[in-house]
Amino acid sequence: MYLIKQANMLKCTLEPGDRLSETQLMEITSGGHSSLLHCQKAQINGVMTLVYDTHAYNTMESSASHLTPQQMRQTILELLHALRQLERQSELSGLRMGNLCVEFDKVYLNGETLRPAFVYVPVESAKEFPEEELRSEIIETIQSNECVRDGGNQRIVQYLQDPANSLSGLTELIPRIGEEVSRPAPEPEHGGQLHRLQAENQRLRQRMLLFGGAAVLLIVIVVLLVLFGGEDKEQVDAVTETGTAASTENGTTEAALKPGDLNGDGKITKEDRELLAAAVNGEELLSPAQWDAADLNGDGKVDMNDCAELTLMETEEEQP
């Protein structure tokens with residue numbers, strides 16, 4: 001037998017070696033199989049012909065170029081479910097799964113619902129279900145249509161290329177792929193507050209670098225003034241005092257400070273703790289000497305851990 005596509009119908013012409021099964025023909029013309037195209041028997045030019053109504057359908061082959069990757073997965077899943085349903089029905093009727101056409105130019109999709117419909121040729125010749133042919137059709141359709149190719153459908157291709165994997169296993173794989181595709185992106189590994197603290201510390205480091213660069217530039221200017229006598233000693237002292245003021249904040253100097261003594265009064269008090277907390281929150285900028293005095297745990301950062309350490313030191317100093 002051979003099939004010819006014409007306008008809104010598909011014609012199947014039987015060859016001399018094909019013997020039509022009237023029982024199977026009655027089964028598929030009864031309308032009890034929603035996954036099979038409706039078929040009628042006719043005599044055309046004296047030749048026994050089966051006519052399939054395809055006016056509401058497009059072939060799977062032509063439809064694939066207009067599907068999204070998600071629609072392609074859903075269509076494959078619908079195909080497999082339809083085949084499973086037909087297989088169960090065939091156990092109670094005279095239908096044979098080997099008489100299904102699984103080439104995608106003979107598998108049809110409803111133009112509105114994208115539900116599949118198969119061409120069934122009711123002949124008596126016994127055949128095995130062409131599973132390998134269907135596997136090849138799925139692989140070739142995905143690979144030849146760029147619009148349906150994505151990571152999920154590539155996994156389907158890789159699954160089918162392994163002969164050890166059964167075709168029916170796709171009914172479990174495809175829903176998992178759909179869940180993974182629709183799953184929201186994972187949350188950041190660290191909390192938002194930690195990210196903000198890290199950003200603040202980074203900004204503090206940047207400010208310290210700018211501050212250090214300005215201090216070096218100021219020293220170079222002073223040295224040049226001394227060497228070339230461009231200014232008298234009083235002017236040099238004024239510039240030096242200005243540089244010293246620019247390199248300090250909150251009344252502290254660049255002389256080494258005792259750990260925890262950020263205001264330079266020789267004691268660890270509430271004022272030191274408040275100054276450290278303001279620096280961690282980005283409200284105050286510490287000088288290099290203050291930064292060293294504030295980094296109590298020696299990890300190169302000034303953060304909430306140092307605040308806790310300073311609070312403990314303050315408590316110990318207050319005790320008699």
Side-chain angles (χ1 to χ4, degrees), residues 3 5 10 27-28 32-38 52 54 56-93 95-121 126-186:
L3 298 168
K5 181 78 167 67
L10 180 72
E27 187 77 29
I28 65 175
H33 301 277
S34 60
S35 298
L36 298 179
L37 283 178
H38 184 67
Y52 298 85
T54 62
Y57 296 86
N58 298 305
T59 65
M60 180 71 177
E61 184 179 60
S62 63
S63 299
S65 61
H66 305 290
L67 299 177
T68 65
Q70 293 82 359
Q71 288 175 328
M72 185 65 189
R73 284 191 288 273
Q74 185 61 33
T75 300
I76 295 173
L77 191 60
E78 295 262 3
L79 282 173
L80 297 176
H81 286 322
L83 287 173
R84 180 56 180 160
Q85 182 180 19
L86 288 171
E87 184 179 14
R88 291 172 178 170
Q89 290 176 334
S90 68
E91 295 173 358
L92 304 175
S93 66
L95 299 183
R96 296 173 179 173
M97 296 296 291
N99 286 351
L100 288 173
C101 296
V102 298
E103 303 97 326
F104 277 3
D105 62 342
K106 300 180 185 67
V107 174
Y108 286 79
L109 296 181
N110 185 286
E112 295 181 358
T113 65
L114 296 180
R115 292 185 64 83
F118 292 90
V119 172
Y120 184 92
V121 183
K127 298 178 182 178
E128 295 292 332
F129 175 70
E131 177 175 330
E132 289 304 316
E133 187 172 4
L134 180 56
R135 294 165 73 105
S136 299
E137 288 288 332
I138 295 174
I139 293 172
E140 182 180 350
T141 300
I142 293 175
Q143 291 180 333
S144 60
N145 290 276
E146 185 176 355
C147 62
V148 301
R149 291 202 301 268
D150 68 351
N153 286 342
Q154 188 58 36
R155 285 179 59 188
I156 292 176
V157 170
Q158 294 171 350
Y159 176 89
L160 292 176
Q161 288 174 335
D162 186 349
N165 295 327
S166 66
L167 185 64
S168 61
L170 285 179
T171 58
E172 297 179 1
L173 176 63
I174 292 176
R176 290 203 304 269
I177 292 175
E179 292 175 0
E180 293 172 4
V181 170
S182 61
R183 187 177 301 157

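One-based numbering along the sequence shown. When reading the values below, keep in mind they use all heavy atoms of this one structure, side chains included, and skip hydrogens, waters and symmetry mates.
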query = Hey, does the side chain of Tyr120 reach the backbone of Ser35 with a donor-acceptor pair shorter than 3.5 angstrom?
reply = no
query = Where is the tightest heavy-atom contact between Cys101 and Phe118, given as atom of each residue plus distance?
reply = O-CD2, 3.8 Å
request  = Check whether any side-chain N or O of Asp105 sits under 3.5 Å from a backbone N or O of Glu61 as a donor-acceptor pair, and report yes or no.
outcome  = no
query = For atom CZ of Arg149, is the number of surrounding heavy atoms from other residues, nucleotides or ligands below 6.0 Å larger than 12?
reply = yes
remark   = Residues Pro116 and Leu109: closest non-hydrogen pair is CA-CD2, 3.8 Å
request  = Find out whether Gln74 and Leu67 are in side-chain contact, i.e. whether some heavy atom of one side chain is under 4.5 Å from a heavy atom of the other.
outcome  = no
task = Verify, without hydrogens or angle tests, whether Tyr108 (side chain) and Arg115 (backbone) share a donor-acceptor contact under 3.5 angstrom.
result = no
inquiry  = Checking Leu114 against Glu78 for the side-chain contact (heavy atoms from CB on, under 4.5 Å) test, could you report, in this order, the C-alpha distance in whole Å, the side-chain angles of both residues, the deciding distance, and whether it holds?
reply    = CA-CA 9 Å; Leu114 296 180; Glu78 295 262 3; over 6 Å; no
note = All heavy atoms of Ala64 vs all of Val148, minimum pair found to be O-CG1, 3.5 Å
query = Would you say the side chain of Leu36 lies within less than 4.5 Å of the side chain of Leu95, judging by non-hydrogen atoms?
reply = yes
remark   = Separation between CE (Met60) and CE (Met72), nearest 0.5 Å, reads 3.5 Å
message = Looking at Glu87 and Arg84, is there a salt bridge between them, counting it only when a charged N and a carboxylate O are closer than 4.0 Å?
response = yes
message = Set out, in order, the CA-CA distance, both residues' side-chain angles and the distance that settles side-chain hydrogen bond (donor to acceptor under 3.5 Å, both in side chains) for Ser62 and Thr59, then state yes or no.
response = CA-CA 5 Å; Ser62 63; Thr59 65; 2.9 Å; yes
key: Closest heavy-atom pair and its distance - Val121, Tyr52   = CA-OH, 3.7 Å
query = When rounded to the nearest 0.5 angstrom, what is the spacing between OG in Ser166 and CD in Glu172?
reply = 8.0 Å
query = Is there a donor-acceptor contact under 3.5 Å from the side chain of Thr54 to the main chain of Tyr57?
reply = no
key: Set of residues satisfying side-chain contact (heavy atoms from CB on, under 4.5 Å) with respect to Ser65, sequence neighbours excluded   = Asn145
request  = Apply side-chain contact (heavy atoms from CB on, under 4.5 Å) to Leu100 and Leu83, showing your working.
outcome  = CA-CA 9 Å; Leu100 288 173; Leu83 287 173; 3.7 Å; yes
task = Could you give me the CA-CA distance, side-chain angles and deciding distance for Gln158 and Asn165, then say whether side-chain contact (heavy atoms from CB on, under 4.5 Å) is met?
result = CA-CA 10 Å; Gln158 294 171 350; Asn165 295 327; over 6 Å; no
Nearest-0.5 Å distance, CD of residue Gln71 to NE2 of residue His66 = 11.5 Å
ask   = Under 3.5 Å, is there a donor-acceptor pair between the side chain of Glu137 and the main chain of Phe104?
value = yes
query = Taking C-beta and beyond as the side chain, do Val107 and Val119 meet within less than 4.5 Å on heavy atoms?
reply = no
query = Does the Asn58 side chain pair with the main chain of Ser63, one donor and one acceptor, at a distance under 3.5 Å?
reply = no
key: Residues Glu133, Glu103; criterion side-chain contact (heavy atoms from CB on, under 4.5 Å); working and verdict   = CA-CA 7 Å; Glu133 187 172 4; Glu103 303 97 326; 3.1 Å; yes
ask   = What distance separates Ile177 CD1 from Gln70 CD, expressed to the nearest 0.5 Å?
value = 11.5 Å
inquiry  = Nearest 0.5 angstrom please: Leu80 CG to Leu167 CG, how far?
reply    = 5.0 Å
query = Between Arg135 and Glu131, is there a salt bridge with N-O shorter than 4.0 Å?
reply = yes
remark   = So CZ of Arg176 and CZ of Arg155: to nearest 0.5 Å the spacing works out to 7.0 Å
query = Side-chain contact, heavy-atom cut-off 4.5 Å: Asn153 with Ile76?
reply = no
